[in-house]
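Have a look at the structure below, then the notes.
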Amino acid sequence: MPAHNTEIADALDQVADLLELEQGNPFRIRAYRNAARVVRGLGTEVASLLARGEDLPKVRGIGADLAGKIKELATRERLPLLDELRRHVPAIALELLRLPNLGPKRVKLLCEKLHIHSVEQLHRALLDGRVRTLPGFGAGIEKKLLEAIEERSHVPSRFKLAAVEGLAAPLIDHLRKAPGVGQVTVAGSYRRCQETVGDIDIVATAAKGPPVTTWFTQYPEVVRVAAAGDTRATVVLRSGLQVDLRIVPEESYGAALHYFTGSKAHNIAIRRLGQENGLKINEYGVFRGRRRIGGETEAEVYKAVDLPFIPPELRENRGEIEAAAAHRLPKLVELADLRGDLHVHSTATDGHNTIEEMVEAARALGLGYIAITEHSRHLAMAHGLDPARLRRQVAEIDRLNAHIGPFTVLRGIEVDILEDGKLDLPDSALAELDLVVAAVHSRFNLSREQQTERILRAMERPHFTILAHPTGRLIGEREPYDVDMPRLIDAARERGCFLELNAHPDRLDLTDTHCRMAKEAGVLVSIASDAHRDTELSYLRFGVGQARRGWLSPEDVLNARPLEELRPLLRRTIA
DNA sequence: GCCGTTTTCGGCCCGACTGTTTTCAGTCG
């Protein structure tokens with residue numbers, strides 16, 4: 001059984017953790033972390049590359065040794081180095097490393113001096129006052145660790161974008177009223193539109209920092225102030241979300257925003273470029289010796305290293321720097337590029353608004369068309385449509401289209417893909433429609449081979465247009481079902497059908513790397529809201545964020561096309 | 001562990017905050 005990329009990446013990260021605990025060479029540790037990140041973001045499974053007799057792509061930072069280890073993990077699923085390290089380091093050490101304020105040094109002390117073997121034991125040792133007797137520990141750290149252990153059980157470790165949006169907006173409003181504050185911007189993974197966010201980073205400008213950090217820590221939602229200095233502060237909100245604020249002078253705004261937007265890997269690569277050109281780049285600006293040569297805007301930071309501006313969503317050090325240097329950055333899709341939405345529900349099944357209400361909401365967003373795609377009969381709990389009810393809905397849509405003016409409702413369905421790969425409605429019913437969105441809603445636990453075959457068979461059906469939420473995951477709640485995405489993408493290209501990027505903030509699949517694979521294969525992506533009520537059409541913004549992370553341009557997006565260009569593409573799938 | 005138009009050895013991004021250190025180590029981002 002060859003290993004998946006995520007498993008390879010986890011193993012490499014674990015090597016890094018273990019080396020850290022052994023206080024190994026920090027640059028060696030970084031090399032392993034970097035390799036883990038590269039493998040995780042790779043479009044293709046390493047194991048299938050090797051099975052096809054191909055080699056790993058050449059990536060800066062992965063030399064002969066790491067490439068060998070990655071291959072070994074992919075094929076043999078074992079790594080002698082990892083086994084060896086595990087023998088030296090107790091398993092609990094890895095777990096303790098995840099706690100705040102515990103790094104390799106303190107973890108080592110805990111294990112060696114207090115013989116801690118579980119988090120519960122640490123908890124007891126903290127309560128007994130044994131921990132504070134160790135060098136480097138004191139009452140302060142004791143308190144923080146106790147808080148962290150007690151908090152751990154009931155706070156989600158990562159937050160979905162939609163949740164963060166709701167928490168960040170009022171905080172930003174609060175900060176804008178701080179004494180002497182200028183700009184206030186959310187940076188970090190939130191600005192990069194990562195699908196989940198561990199904490200939020202805010203960059204603010206002000207001539208004097210302390211009044212702003214004080215104002216910040218007095219925000220009513222703050223339950224704990226983890227740190228507060230003159231220019232930075234960290235708090236935890238009632239929701240459990242951690243917020244870091246950084247205050248810089250106005251002339252450093254761009255450099256600070258760049259620095260705190262990350263990603264870390266992107267920043268390291270940019271700083272390194274600067275260094276090669278004799279520059280020092282930090283959060284205060286770009287410096288040649290002591291002379292500051294830029295940093296008021298992000299564009300100045302990039303200009304200093306001879307690059308054009310790189311959009312935040314691309315900043316993962318996954319080739320964007322090389323692409324920028326070669327002037328081959330994609331022109332990324334924007335929300336305003338979307339002309340319609342190809343996955344929308346109504347009250348006919350499990351939606352909460354009528355088709356007319358959904359049309360009004362779509363119009364208000366500036367869209368020109370939506371497809372009504374109800375569930376099919378197999379999804380009984382959603383009161384899915386049978387052929388007769390579908391026929392009646394089609395007639396209703398035709399009547400509606402006659403008088404809603406410059407807007408079109410497309411006749412669609414979200415048909416279930418049954419376990420054997422058949423679709424839940426007969427071809428005769430599907431033939432009446434403008435498009436058929438097909439989805440897996442059952443039997444998520446099939447083997448990779450079976451699940452892939454099931455979907456491939458469905459794709460062969462004559463009216464199959466779009467594969468909805470292609471991995472079925474619910475972020476933080478349900479793992480994706482096991483499916484060979486490269487094979488699905490290949491099949492979609494051959495078949496001339498499309499993949500959905502479901503914009504619901506709980507789903508957001510395709511993932512960014514899968515979007516990029518689809519783009520490279522020439523398979524168009526439908527960014528669709530899957531709205532079940534009128535307010536959810538605006539979820540398209542999350543889909544666009546994910547699409548941008550996947551390097552998609554307007555021409556890669558099915559519903560960035562006006563209706564007259566869309567229709568022939570949809571018809572092409574009616575084989 | 002990686003890498004090279006200064007180098008195949010000796011570098012490797014850079015700074016803030018905390019605590020218990022009384023001048024800085026550990027941790028974090």
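Reckoned from all heavy atoms, side chains included, excluding hydrogens, waters and symmetry mates. Keep in mind it's a predicted model, so treat the numbers as computed, not measured. A note on names: the letters A, B, ... follow the listed sequences, proteins ahead of strands, and every chain is numbered from 1.
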Given the [atom1] atoms of [N] and [M], what is the spacing between them in whole Å?
{"N": "B:dT20", "M": "B:dT27", "atom1": "C1'", "answer": "15 Å"}
{"N": "B:dC9", "M": "B:dC14", "atom1": "C1'", "answer": "24 Å"}
{"N": "B:dT22", "M": "B:dG11", "atom1": "C1'", "answer": "33 Å"}
{"N": "B:dG10", "M": "B:dT21", "atom1": "C1'", "answer": "31 Å"}
{"N": "B:dC28", "M": "B:dC13", "atom1": "C1'", "answer": "14 Å"}
{"N": "B:dG29", "M": "B:dT23", "atom1": "P", "answer": "28 Å"}
{"N": "B:dG1", "M": "B:dT5", "atom1": "C1'", "answer": "24 Å"}
{"N": "B:dC12", "M": "B:dT6", "atom1": "C1'", "answer": "16 Å"}

Contact class for [X] vs. all strands (heavy atom < 4.0 Å): base, sugar-phosphate, or nothing?
{"X": "A:I270", "result": "nothing"}
{"X": "A:L102", "result": "sugar-phosphate"}
{"X": "A:A233", "result": "nothing"}
{"X": "A:D201", "result": "sugar-phosphate"}
{"X": "A:P135", "result": "nothing"}
{"X": "A:A228", "result": "sugar-phosphate"}
{"X": "A:P26", "result": "nothing"}

If you only use heavy atoms from C-beta on, which nucleotide in [options] is closest to the side chain of [X]?
{"X": "A:K69", "options": "B:dC17, B:dC3, B:dG1", "value": "B:dG1"}
{"X": "A:F27", "options": "B:dG4, B:dT18, B:dG1", "value": "B:dG1"}
{"X": "A:P100", "options": "B:dC28, B:dG29, B:dC12", "value": "B:dC28"}
{"X": "A:L66", "options": "B:dG1, B:dG29, B:dT27", "value": "B:dG1"}
{"X": "A:K264", "options": "B:dG29, B:dG26, B:dG19", "value": "B:dG29"}

Can you measure [X] atom [atom1] to [N] atom [atom2] for me and round it to whole angstrom units?
{"X": "A:E20", "N": "B:dG1", "atom1": "CD", "atom2": "P", "value": "16 Å"}
{"X": "A:L99", "N": "B:dC28", "atom1": "CG", "atom2": "C1'", "value": "14 Å"}
{"X": "A:N25", "N": "B:dG11", "atom1": "CG", "atom2": "P", "value": "13 Å"}
{"X": "A:I62", "N": "B:dC3", "atom1": "CD1", "atom2": "P", "value": "9 Å"}
{"X": "A:E22", "N": "B:dG1", "atom1": "CD", "atom2": "P", "value": "13 Å"}
{"X": "A:K280", "N": "B:dG15", "atom1": "NZ", "atom2": "P", "value": "4 Å"}
{"X": "A:L145", "N": "B:dG26", "atom1": "CG", "atom2": "P", "value": "16 Å"}
{"X": "A:N101", "N": "B:dT18", "atom1": "CG", "atom2": "P", "value": "11 Å"}

Is A:D244 side chain donor-acceptor paired with the B:dG29 base, going by distance under 3.5 Å alone?
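Check fails, no donor-acceptor contact within cut-off.
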
Measure distances between side-chain N and O atoms of A:Y259 and base N and O atoms of B:dG29, and say whether any donor-acceptor pair falls under 3.5 Å.
yes

Quick one: is [N] close enough that its OP1 or OP2 comes under 4.0 Å of any side-chain N or O from [X]?
{"X": "A:R30", "N": "B:dC13", "value": "yes"}
{"X": "A:Q242", "N": "B:dC28", "value": "no"}
{"X": "A:K144", "N": "B:dT27", "value": "no"}
{"X": "A:R271", "N": "B:dC13", "value": "no"}
{"X": "A:S263", "N": "B:dG29", "value": "no"}

Can you work out whether A:K105 or A:T231 has the more 5'-proximal nearest nucleotide on DNA chain B?
A:T231

Taking for each residue the nucleotide of DNA chain B bearing the nearest heavy atom, is the 5' side occupied by A:G61 or by A:Y284?
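It is A:G61 whose nearest nucleotide is closer to the 5' end.
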
Using 4.0 Å as the upper bound for N to carboxylate O, is an ion pair formed by A:E276 and A:R272?
yes

Write down the partner of B:dG1 under the Watson-Crick or G-U wobble criteria, each distance required to be under 3.5 Å.
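Across any shown strand, B:dG1 pairs with B:dC12.
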
Taking the cut-offs as 6.0 angstrom to the six-membered ring centre and 45 degrees off its axis, would you call A:R315 and A:Y302 a cation-pi pair?
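Not satisfied by the 6.0 Å and 45° rule.
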
Count the heavy atoms belonging to other residues, nucleotides or ligands that lie under 6.0 Å from NZ of A:K113, then report whether that count exceeds 12.
no

Should the heavy atoms of other residues, nucleotides or ligands under 6.0 Å from CD of A:E479 be counted, would the total exceed 12?
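Not buried by this count: 12 neighbours or fewer within 6.0 Å.
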
Polar contact flag, side-chain donor to acceptor under 3.5 angstrom, A:T511-A:H514:
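Yes, because at least one side-chain N or O of A:T511 sits under 3.5 Å from a partner of the opposite role on A:H514.
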
A:K69, A:E20, A:Q14 screened by side-chain hydrogen bond (donor to acceptor under 3.5 Å, both in side chains) with A:Y32, the one that passes
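Going through A:K69, A:E20, A:Q14 one by one, the side-chain hydrogen bond (donor to acceptor under 3.5 Å, both in side chains) with A:Y32 is satisfied by A:K69 alone.
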
Taking all non-hydrogen atoms of both residues into account, name the closest pair between A:E320 and A:E316 and its distance.
OE2-N, 3.1 Å

Quick check on B:dT7: syn or anti? Syn means the glycosidic torsion is within 90 degrees of zero.
syn

A:D13 and its salt bridge (Lys or Arg N to Asp or Glu O under 4.0 Å) partner, picked from A:R37, A:R30, A:R40:
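So, applying the salt bridge (Lys or Arg N to Asp or Glu O under 4.0 Å) to A:D13 and each of A:R37, A:R30, A:R40, only A:R40 qualifies.
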
